[in-house]
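A short write-up of the structure that comes next.
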Amino acid sequence: MNAKKLQKQYFQNPNVIFLAKDLLGKVIFTNKHGEITAGIITETEAYFGIEDRASHAYGGLQTARTAAMYQPGGIAYIYLCYGIHHLLNIVASDYDDPKSILIRSVQPYKGISVIEQRRNKPLSDPSISSGPGSVSKALGIDLSFNKKSLAGDEIWIEDLGMKYNLNEIVSAPRIGVAYAKEHALLSLRFYVKESQYVTHPLKPV
DNA sequence: CTAGCGATATTCT
DNA sequence: GAATATCGCTAGG
């Protein structure tokens, strides 16, 4: 178990499907006001950019909100959803290629008591960090993390040597993107089969 | 267990 | 005005 922080080059891969799968088992750390919390990634979704009807950057749309996705990979894109929930995305690929990966669920790994306080739930309740809004709240992520480097000292990702076998990873359609028409059915969501920390378990495709 | 609904920023019509 | 990459609470079977 040789812990190492993932560097920019890792994220600048344009293959978001590979990244979405490879990120399962990696660990996200945050350091907020000196409180360090971390979670093992158990569920992700890939968003493949300007051709993806479900992406905020569909058609090359650029706004103040989506600007982060047009930066080179390796930074965080934090999006305020429904005006309430912060969603954590990992920007992939290169400059002007707005691909990203949404972190949907994690398994608490470090700073458990801090996470329990932030969520006001016991660790025994899997919903403590299942679902993109919950992940952000558990890890203390808010808009101040937007565009932050993922190789910095406020938010970063480590490879602790944990790896899931392909037969432990399930792919399924993305959630909450029915408006995306033909792209709504693509199996771009990936999660760990036996993990309790996933959003409403759907049937594998 | 499932269904309904409120909260509410950004973006588009 | 309407929709959205959601959550958590409430009511009911």
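Order of the sequence lines sets the chain letters (A, B, ...), proteins ahead of strands, with each chain counted from 1. In this text the structure is predicted, and so the values were computed from the model without any measurement.
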Exercise for review: Consider only side-chain N and O atoms of A/R65 and A/Y79, and report whether a donor and an acceptor are under 3.5 Å apart.
Suggested key: yes
Check your understanding: To the nearest angstrom, how far is A/H85 atom NE2 from B/dT8 atom P?
Key -> 11 Å
Practice item. Tell me yes or no: between the side chains of A/E154 and A/T30, is some donor less than 3.5 Å from an acceptor? Key: no
Exercise for review: In whole angstrom, give the distance that lies between atom CG of A/L80 and atom P of B/dA7.
Suggested key: 16 Å
Review point. Contact class for A/R53 vs. all strands (heavy atom < 4.0 Å): base, sugar-phosphate, or nothing?
Key: nothing
Check your understanding: Does any donor atom in the side chain of A/T37 or A/R118 lie under 3.5 Å from an acceptor atom in the other side chain?
Key -> yes
Review point. Side-chain N or O of A/R119 less than 4.0 angstrom from OP1 or OP2 on C/dC7?
Key: no
**Study point:** Selection from C/dT6, C/dT4, B/dC12 that lies nearest to any side-chain heavy atom of A/C81
**Key:** C/dT6
Review point. Does B/dT8 pair with anything, Watson-Crick or G-U wobble, both distances under 3.5 Å, and if so, with which nucleotide?
Key: none
Practice item. Nearest whole angstrom, please: distance from the C1' of C/dC7 to the CD1 of A/I141. Key: 16 Å
Point to revise | Cluster check A/Y70, A/Y95: I/L/V/M/F/W/Y, side chain < 4.5 angstrom | key: no
Practice item. Quickly work out the A/L61 CG to B/dC12 C1' distance and round it to whole Å. Key: 9 Å
**Study point:** Distance in angstrom units between A/D125 CG and C/dG8 C1', rounded
**Key:** 11 Å
Review point. Between the side chains of A/Y47 and A/H56, does any donor sit under 3.5 Å from an acceptor?
Key: no
Exercise for review: Please report, rounded to the nearest Å, how far the P atom of B/dT8 is from the CG atom of A/L87.
Suggested key: 17 Å
Point to revise | Distance, rounded to the nearest Å, where A/Y82 contributes OH and B/dG6 contributes P | key: 15 Å
Review point. Rounding to a whole Å, what distance do you find between A/R65:CZ and B/dC12:P?
Key: 8 Å
Exercise for review: Please work out if A/S134 contacts a base, only the sugar-phosphate, or nothing of the nucleic acid, heavy-atom cut-off 4.0 Å.
Suggested key: sugar-phosphate
Check your understanding: A/I84 or A/L143: which one's nearest nucleotide on DNA chain B is closer to the 5' end?
Key -> A/I84
Review point. Expressed as a whole number of Å, how far does the P atom of B/dC5 sit from that of C/dG13?
Key: 16 Å
